[in-house]
Amino acid sequence: MDFEQLNCLQKDALKEIGNIGAGNAATALSTLLNKKINMSVPNIFILPFAQVVELMGGDDTPVAGGYLQVEAKAPMSILFVIPEESLKLFLKILVGKQEAATITLDEMDISALKEVTNILAGSYLTALSGFTNMEFNPSVPALAFDMVGAILGNVLQLYGEVSDYALVIESVFLEEEKEVKGHFFLLPEPGSLEILLRELGVVF
Amino acid sequence: MDVIKVGMADLAVCKAPQKLITTGLGSCVGICLYDTGSKVGGLAHIMLPDSTQARNNQNKAKYADTAIVETINKMLVLGAEKSRIFAKIAGGAQMFNFAGTSSIMRIGERNTEAVKKHLEMLRIRIMAEDTGGNFGRTITFDPENGKLHIKTINQGEKIV
């Protein structure tokens, strides 16, 4: 099944996944940062690769990306992207890092950001698991701080061999004063889409 | 200054003084081809090593093997001569470090290998190379003199 052929009902079901997962993850993030976190209504994008990158503000925007792969009957990957400005605040709250004009990440910072990715992915997947009766096993996260195009390009290659389009379920987290922003991407692998939709009770 | 932007899994050719740019190369490889005689240049931003292994290979610019051939063909139309074409390549990084790295994460390395293999098969010499590492690159290519400008976030800038 091609991503481009999804109908409204199927898209709504995927949005619901985003809603439930992100709701859980927002709560986790809120506890972690000790701040009130709002989340957006999830967006479902079925986009050519180049446009997925545009979504994040153009390919050479610097961002931090926490990435992990999820082993399951419906394999997928998760990418949590934090824009540079929010990253400063994240690190200030998490590890007490002083704000500086340019960001260099030390081991402590990297470890903290990996943990954030871990916690978010874990709570997202727990929700998804309860909803679908499937088991999900996330890998240990990896982290990169670099151009968003380079980071997303690496992740999107997973799809490259079967499609020119990627399905992206995106949730945006916002702290009350809109300082902390993060984009959570759930990227089901091409074959996983049918399985997920079936478990959600959407008939083809 | 006229600069043509090449996206991911995309390619373009031009004639000097036009330049070519591609941003955010991670594990993808940017293949720059040029003929200084006619000042015709081409840039392909490939994502994957091999079109013959793929279920979906409509987009020639996505794969190392087909993208090189396609770029050369387009350059010939603009007046380039095959025997005078040289190459410079950049990219092929590994953005994420996983323990027990699987082949899917080694994709940058595989891309670079495939690009080199296919350039060699076509007898095109690689004049400069900036590949590997774990960082992204933005490259600007000038077919006037074959200069390749490479910009990174944490590793500085250079011209090869």
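Note on naming: letters A, B, ... go to the chains in the order of the sequence lines (proteins, then strands), and numbering restarts at 1 for each one.
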If you take all heavy atoms of B:F96 and A:L79, which pair is closest and at what distance?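 In this case the closest contact between B:F96 and A:L79 is CZ-CD1, 4.2 Å.
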To check you understand the geometry: which heavy-atom pair defines the closest contact between A:M147 and B:K151, and what is its length?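 Closest pair (atom of A:M147, atom of B:K151, distance): CE-O, 3.4 Å.
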Heavy atoms of other groups near [X] [atom1], more than 12 under 6.0 Å:
X	atom1	answer
B:K82	NZ	yes
A:K88	NZ	yes
B:E157	CD	yes

In Å and rounded to the nearest 0.5 Å, what is the OG1 to CD1 distance from A:T104 to B:I153?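 Here the rounded value is 12.5 Å.
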Heavy-atom pair count under 4.5 Å with chain B, highest-scoring of A:A150, A:P62, A:G149, A:G65: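 Counting heavy-atom pairs under 4.5 Å, the top option is A:A150.
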Would a distance-only check, ignoring hydrogens and angles, find a side-chain to backbone donor-acceptor pair under 3.5 Å from A:N154 to B:G26?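 Side chain of A:N154 to backbone of B:G26, a donor-acceptor pair under 3.5 Å: no, none is there.
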Part of B:N134 lying under 4.5 Å from any heavy atom of chain A: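 Contact with chain A: backbone only.
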A:V155 and B:M95: CA distance, side-chain angles, deciding distance, side chain to side chain contact (heavy atoms under 4.5 Å, CB included) verdict: CA-CA 9 Å; A:V155 172; B:M95 303 303 297; over 6 Å; no
Interface residue of largest heavy-atom contact number with chain A, from B:G91, B:S27, B:C28, under 4.5 Å: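 Option with the top pair count is B:S27.
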